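Comments concern the structure below.
Both ligands and their constituent atoms are indexed starting at 1 by order of listing. No experiment lies behind these values; they were computed from the predicted model shown.
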Amino acid sequence: MHRKTGVILALDVTKKEEALLISKEVAGFVDAIKIGYPLVLGTGLSIAKDLSKIAPVIADFKVADIPNTDRLICEHVFSAGCDAVIVQGFTGSDSLMECVKTANEFQRKVFVVAEMSHPGGDYFFTDAVSKEIAALAKKAGAFGIVAPATRPERVKELRAVIGKDLKIISPGVGAQGGSAADTIKAGADWVIVGRSIYGAKDPKAEAEKIKKEIEKLI
Ligand code: O7M
């Protein structure tokens, strides 16, 4: 996964045809496509292989189980053609390390949720907890963390915890009120954008607009 545009599409549609159409339209303006429960429950995990022909696919299953179950989930995700998986860090170091170990076996990547973007997202993910999860992600050898675009100051603080080696992907731009430019300026490598792109009359124009907003900064 290389940063060219700084944009990841959150493809939370539920129909295969729509998913493929939008992905093909915006392909030149995004660096990856994030899929999760809405699309996979709607179409099946085989959608990952179709989308991986268009862009690298990140599987957002927020994996949060015991190590053995986590490994089984990650093996399925990577075998299905996903380039990366998103996991929770609050399950502890053994679960997280099992996800990273499995990703390494497949030469794939793990992103760890450090703090969530919605208004209630900092209720349990307090400053101390988020920072501890981010530090654990680094220690476990994750590729990056997820940090909230709705709170750019938190992106900055979490960047300070992980240093330069790990990547930050940030959801919350557009529909949730976050700004792409502010998020990248705060230290994110990519913004994750869903509804503002896939819900737009012209998804391609919207993706291009966000790409242009970011390209001056990277
Ligand atoms: O741009 P949106 O709001 O339509 O979509 C944002 C996407 O990012 C959507 O797929 C969410 O499930 C996801 N997301 C958040 O919005 N907030 C978070 O804190 C975390 C995620 C996410 O991607 O977690 C890995």
Side-chain angles (χ1 to χ4, degrees), residues 1 5-14 18-19 22-23 26 29-43 47-48 51 55-64 70 73-74 77 82-91 96 99 103 109-126 129-130 133-134 137 142-155 157-158 166-180 182-184 186 188-200 203 206-207 209-211 213-214:
M1 212 173 118
T5 67
V7 184
I8 294 170
L9 170 66
L11 194 54
D12 294 325
V13 297
T14 54
E18 194 186 0
I22 294 169
S23 300
V26 307
F29 306 109
V30 304
D31 291 332
I33 299 169
K34 182 179 81 74
I35 62 172
Y37 294 110
L39 183 60
V40 173
L41 293 175
T43 66
I47 190 75
L51 292 172
V57 175
I58 302 173
D60 177 11
F61 292 138
K62 297 188 180 70
V63 182
D70 283 351
I73 296 169
C74 290
V77 163
C82 297
D83 191 58
V85 68
I86 296 175
V87 310
Q88 293 286 11
F90 58 70
T91 45
L96 188 49
C99 294
K109 305 170 187 72
V110 170
F111 289 97
V112 182
V113 180
E115 184 174 315
M116 296 194 71
S117 64
H118 58 304
D122 57 2
Y123 187 78
F124 287 113
F125 287 101
T126 57
V129 169
S130 298
I133 292 174
F143 184 71
I145 62 166
V146 180
T150 47
R151 292 181 219 101
E153 71 284 1
R154 300 293 302 149
V155 174
E157 287 188 41
L158 291 165
L166 269 70
K167 307 292 182 195
I168 298 182
I169 57 176
S170 285
V173 166
Q176 295 181 51
S179 136
D182 290 350
T183 309
I184 298 293
D189 297 281
W190 285 277
V191 293
I192 298 173
V193 187
R195 287 164 286 178
S196 295
I197 295 178
Y198 70 74
E206 191 58 34
K209 198 176 98 189
I210 300 166
K211 173 188 173 262
E213 186 183 334
I214 293 174

Among all protein heavy atoms, pick the one closest to [atom] and tell me residue, atom and distance.
| atom | result |
| --- | --- |
| atom 20 (C) of ligand 1 | Pro171 CG, 3.5 Å |
| atom 9 (C) of ligand 1 | Asp12 OD2, 3.2 Å |
| atom 19 (O) of ligand 1 | Ser117 N, 2.7 Å |
| atom 13 (C) of ligand 1 | Lys34 NZ, 3.6 Å |
| atom 1 (O) of ligand 1 | Gly194 N, 2.8 Å |
| atom 7 (C) of ligand 1 | Ala10 CB, 3.7 Å |

Ligand 1 atoms in contact with [X] (distance to a heavy atom under 4.0 Å):
| X | answer |
| --- | --- |
| Arg195 | 1 (O), 2 (P), 3 (O), 4 (O) |
| Met116 | 18 (C), 19 (O), 20 (C) |
| Ile86 | 25 (C) |

For ligand 1 and [X], I'd like to know whether there is a polar contact (N/O to N/O, distance under 3.5 Å).
| X | answer |
| --- | --- |
| Ser196 | no |
| Tyr198 | no |
| Gln176 | yes |

key: Rounded distance [0.5 Å steps], CG in Asp31 versus CD1 in Ile214   = 9.0 Å
Ligand 1-proximal atoms of Lys62, by part, heavy-atom distance under 4.0 Å = side chain
remark   = Sorted by chain and number, sequence neighbours left out, ring-ring contact (aromatic ring centres under 6.0 Å, His included) with Tyr198 holds for none
